[in-house]
Amino acid sequence: MVNKQQFEPVTGCPEYIEPSRACIKVQKVYDARRTRLCELRQFDATPPVPVGHGPYTVISCEIVPNSEHVIATSIVPIPGTIPPLATVSAVIACNAEFVVEDASGNIYTFIRPVPFSVSVILYTPDPNMIVQAEIKCVCLDQCLPPFDTGHDVVVSCYFGAFIQIKVHAEAELCVQEFGECLWPEISTQAPNPCIDFLDPLVTEFPPFNLPQQEEFAN
């Protein structure tokens, strides 16, 4: 897609290099949606938490900084929709760090991914557009007492997620390029006044006579 628009040169510039056309490639967002989810999630804590050492307590649950990542995205066009719409889906996740204590006071730390799936309907004129998914996870510090199945220890906590889905494509903007402004050259060297002063062709000797010293007789 080409967007044509005229731009005037910057005022105050005495002269420009011959203007030409410049094309800039940018990412144009066509549609976006925000979604908020809150779910109870269960995680296998074994290993490292051993079975048969309960009861267990979840000491803390925190999101690992900068652990957000996209697992998968997809675009499925909806036939017959005007404007063209599509079901845009994404699976995105963050990592959570759990600290669990057993009945003997032993502390265990482990990290598990927390995935979220979301599907929204977006304006999508091209099924090959790029899907961008962003997520911010929050562990709500509402964890149920872990339970022992005899094979592993299961930890259950509530997680909230702020999710944003975008579809965008590369667009080309053509603008008029004026190049650099041809400002007048400015000398940064301070002039030396002695050069002109010592040159007799530039600075003439002034026509004056110093008064002579008068001698007085005793």
Side-chain angles (χ1 to χ4, degrees), residues 1-5 22-49 58-100 108-144 146-147 149 152-175:
M1 184 183 71
V2 177
N3 183 14
K4 296 183 178 179
Q5 185 175 355
C23 293
I24 306 172
K25 290 185 177 180
V26 297
Q27 294 293 333
K28 173 178 171 55
V29 176
Y30 282 77
D31 204 356
R33 289 290 184 277
R34 290 179 176 179
T35 304
R36 185 187 311 223
L37 301 176
C38 185
E39 300 176 0
L40 176 65
R41 296 299 183 86
Q42 292 186 339
F43 304 91
D44 182 2
T46 305
V49 182
V58 177
I59 302 299
S60 66
C61 168
E62 296 182 356
I63 303 300
V64 179
N66 303 318
S67 64
E68 298 84 1
H69 56 282
V70 179
I71 298 176
T73 60
S74 65
I75 297 178
V76 180
I78 302 176
T81 55
I82 300 175
L85 302 176
T87 300
V88 181
S89 302
V91 180
I92 43 185
C94 55
N95 295 334
E97 182 180 79
F98 300 89
V99 178
V100 174
Y108 307 92
T109 301
F110 58 96
I111 295 176
R112 296 290 185 268
V114 187
F116 286 88
S117 299
V118 61
S119 294
V120 294
I121 296 177
L122 299 179
Y123 167 60
T124 312
D126 184 354
N128 296 317
M129 294 174 67
I130 301 172
V131 178
Q132 181 180 6
E134 300 171 338
I135 185 172
K136 178 176 177 58
C137 298
V138 180
C139 184
L140 302 179
D141 293 328
Q142 297 290 332
C143 297
L144 305 180
F147 59 90
T149 65
D152 50 32
V153 177
V154 178
V155 173
S156 305
C157 294
Y158 284 91
F159 286 87
F162 301 97
I163 300 173
Q164 183 168 246
I165 304 294
K166 298 178 182 179
V167 288
H168 59 86
E170 192 174 73
E172 188 176 73
L173 304 179
C174 290
V175 298

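Counting begins at 1 with the first residue of the sequence. All values derive from a computational prediction rather than experimental measurement.
Within a 6.0 Å sphere centred on CD of Glu39, other residues, nucleotides and ligands contribute more than 12 heavy atoms.
Residue Phe147 comes nearest to Ser156 through the heavy atom pair CE2-OG, 4.3 Å, listed as atom of the first residue, atom of the second, then distance. Here the closest heavy-atom approach between residue Val100 and residue Phe110 is recorded as CG2-CE2, 3.7 Å. The two residues Ile63 and Cys139 make their nearest non-hydrogen contact at CG1-N, 4.0 Å. Summarising the geometry of Pro115 relative to Ile71, their closest heavy-atom pair is CB-CD1, 4.2 Å, with the distance given to 0.1 Å. Here the closest heavy-atom approach between residue Leu122 and residue Ala32 is recorded as CD2-C, 3.9 Å. Nearest heavy atoms, Pro77 versus Pro79: O-CD, 3.4 Å.
Between Ile165 and the options Val131, Thr35, Asp31, Thr73, a side chain to side chain contact (heavy atoms under 4.5 Å, CB included) holds for only Val131.
For Val138, the side-chain contact (heavy atoms from CB on, under 4.5 Å) partners at least two apart in sequence or on another chain are Leu140, Phe162. A search for side-chain contact (heavy atoms from CB on, under 4.5 Å) contacts involving Ala169 returns Tyr30, Met129, not counting sequence neighbours.
Using the six-membered ring where Trp is involved, Phe43 and Phe98 have ring planes that are tilted, between 30° and 60° apart.
Disulfide check for Cys157/Cys61 fails, with the SG atoms at least 2.5 Å apart.
Within the model, atoms CD of Gln132 and CD of Gln27 stand 8.5 Å from one another, a figure rounded to the nearest 0.5 Å. A distance of 8.5 Å separates CZ of Arg34 from NZ of Lys166, quoted to the nearest 0.5 Å. Asp152 CG to Asp44 CG: the interatomic distance, rounded to the nearest 0.5 Å, is 4.0 Å. The distance from atom CD of Gln164 to atom NZ of Lys136, rounded to the nearest 0.5 Å, is 13.5 Å. Rounding to the nearest 0.5 angstrom, the gap separating the CD1 atom in Ile135 from the NE2 atom in His69 is 9.0 Å.
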Extract all donor-acceptor atom pairs below 3.5 Å that involve side chains of residues 80-97 and protein atoms in other chains or at least two apart in sequence.
{"unit_1": "Thr81", "atom_1": "OG1", "unit_2": "Ile78", "atom_2": "O", "d": "2.8"}
{"unit_1": "Thr81", "atom_1": "OG1", "unit_2": "Leu85", "atom_2": "N", "d": "2.9"}
{"unit_1": "Ser89", "atom_1": "OG", "unit_2": "Ser119", "atom_2": "OG", "d": "2.7"}

